[in-house]
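Here is the structure we will look at.
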Amino acid sequence: MSDKIEALKRHIEAARSRYYQLVLLVGPDASGKTRALLQLSNEAGYPYINLNLILSQKLLEYPGRVRPLRLPRIIEAIIDDRAGDTVLLDNIEILFDPALQQDPLRLLQHISRTRTIVAAWSGKFEGRTLIYAEPGHPEYRKYSEVDTLVCQI
């Protein structure tokens, strides 16, 4: 695991000079992404955010029809509440909920303009293609030529 942590640290440093300061930690479910983010948080002191947990609580304050409009600002507020120029996001599956009408990758890129974001992405990175879920699944996403750094686990 320490090799993966060192690779993540290198990706974070490289991301700081990019337009989108986004690092995706990509791997299938139960591949160790959470463990890696928690270890990195402990070693480097970066804030760790369980996005599903916090965001689902915050979204309850809004009627369903307003949630898609408010979501980006709510996420930015959640991140702003944590000090630091680097933030670790885990459990981002809520961003793929079709009811929220979001493009998860574009949203993560947007919030990574002002700080380095490391996000756990349950899926695959094949060649230059980033995939979330399987074709036919309502949350399926496929991105080609991704403008972000990817660290596979």
Side-chain angles (χ1 to χ4, degrees), residues 1-59 62 67-97 100-133 139-153:
M1 181 60 73
S2 62
D3 289 346
K4 288 294 178 189
I5 300 303
E6 292 307 314
L8 259 176
K9 288 178 180 177
R10 287 191 301 275
H11 278 81
I12 290 168
E13 285 308 311
R16 294 188 197 289
S17 62
R18 296 174 57 98
Y19 184 78
Y20 296 121
Q21 300 174 58
L22 177 62
V23 177
L24 296 177
L25 180 59
V26 178
D29 289 340
S31 60
K33 295 182 299 294
T34 295
R35 185 177 54 208
L37 290 178
L38 288 171
Q39 183 177 341
L40 183 60
S41 177
N42 287 334
E43 285 182 17
Y46 300 138
Y48 170 90
I49 299 172
N50 180 335
L51 194 62
N52 281 353
L53 179 66
I54 297 171
L55 186 56
S56 61
Q57 293 168 344
K58 299 272 188 195
L59 287 174
Y62 300 95
R67 291 175 185 165
L69 301 171
R70 298 287 173 105
L71 186 86
R73 279 178 264 148
I74 295 169
I75 292 173
E76 287 177 352
I78 290 169
I79 292 171
D80 286 344
D81 285 346
R82 310 312 190 271
D85 62 349
T86 301
V87 176
L88 311 178
L89 296 180
D90 197 10
N91 302 311
I92 66 167
E93 294 79 13
I94 193 170
L95 300 179
F96 294 86
D97 182 342
L100 293 175
Q101 306 168 24
Q102 300 296 312
D103 181 331
L105 180 60
R106 302 296 171 248
L107 181 60
L108 291 170
Q109 287 175 325
H110 172 74
I111 63 175
S112 72
R113 287 290 301 123
T114 57
R115 68 182 50 83
T116 304
I117 301 291
V118 180
W121 183 284
S122 293
K124 299 181 268 190
F125 187 65
E126 299 172 342
R128 303 263 316 136
T129 303
L130 182 65
I131 301 168
Y132 182 87
E139 296 177 354
Y140 173 74
R141 297 293 175 120
K142 181 177 180 181
Y143 300 94
S144 300
E145 301 299 319
V146 178
D147 185 15
T148 189
L149 296 176
V150 174
C151 184
Q152 296 188 75
I153 194 162

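Since this is a predicted model, take the numbers as computed values, not measurements. Just so you know, these numbers use all the heavy atoms, side chains as well, and skip hydrogens, waters and symmetry mates.
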Kindly compute the distance separating CG (Leu38) from CD (Glu43), expressed to the nearest 0.5 Å.
11.5 Å

Test item: His110 side-chain N/O and Arg106 main-chain N/O as donor-acceptor pair under 3.5 Å:
no

Once rounded to the nearest 0.5 Å, what's the spacing between atom CG of Leu71 and atom NZ of Lys58?
13.0 Å

For Pro104 against Arg141, the heavy-atom pair lying closest together
CD-NH1, 3.4 Å

Pairwise distance CD(Glu126) to CD1(Ile131) - rounded to 0.5 angstrom:
4.0 Å

For the residue pair Tyr132 and Phe96, categorise the inter-ring angle as parallel (less than 30°), tilted (30 to 60°) or perpendicular (more than 60°).
parallel

Of all heavy-atom pairs linking Leu25 and Ala36, the shortest is CD2-CB, 4.1 Å

Minimum heavy-atom separation for Ala15 and Val23, please, with both atom names.
CB-CG2, 3.7 Å

Suppose we screen for side chain to side chain donor-acceptor pair (under 3.5 Å). Which residues come up paired with Arg70, at least two apart in sequence or across chains?
none

Evaluate salt bridge (Lys or Arg N to Asp or Glu O under 4.0 Å) for Glu6 paired with Lys9, printing each intermediate quantity in order.
CA-CA 5 Å; Glu6 292 307 314; Lys9 288 178 180 177; 3.6 Å; yes

Between Arg67 (side chain) and Tyr62 (backbone), is there a donor-acceptor pair under 3.5 Å?
yes

Rounded to the nearest 0.5 Å, the OH atom of Tyr20 sits from the CZ atom of Arg113 at a distance of 7.5 Å

Please say which of Leu55, Leu100, Asn52 ends up in a side-chain contact (heavy atoms from CB on, under 4.5 Å) with Leu95.
Leu55

Could you state the interatomic distance from CG (Asp103) to CG (Leu108), rounded to the nearest 0.5 Å?
9.0 Å

For the student: nearest non-hydrogen atoms of Ser122 and Asp29, plus distance
OG-OD1, 3.1 Å

Is the backbone of Ala119 close enough, under 3.5 Å, to the side chain of Lys33 for a donor and an acceptor to pair up by distance?
no

With Val87 as reference, evaluate Ile49, Ile111, Asp80 under the side-chain contact (heavy atoms from CB on, under 4.5 Å) test and give the passing residue.
Ile49

Side chain to side chain, Gln102 and Pro68, heavy atoms closer than 4.5 Å:
yes

N/O donor-acceptor pair under 3.5 Å between Ser41 side chain and Tyr46 backbone:
yes

To the nearest 0.5 Å, atom OH of Tyr143 lies from atom CZ of Arg128 at 15.5 Å

So which atom in Ser17 and which in Ala14 form the shortest heavy-atom distance, rounded to 0.1 Å?
OG-O, 3.2 Å

Passing option when Val118 is tested against Leu22, Leu37, Leu24 for side-chain contact (heavy atoms from CB on, under 4.5 Å)
Leu37

Worked verdict on Arg18 versus Leu149 for side chain to side chain contact (heavy atoms under 4.5 Å, CB included)
CA-CA 9 Å; Arg18 296 174 57 98; Leu149 296 176; 3.7 Å; yes

Checking Glu13, Gln21, Arg16, Arg115 against Thr86 for side chain to side chain donor-acceptor pair (under 3.5 Å), the one that qualifies is Arg16

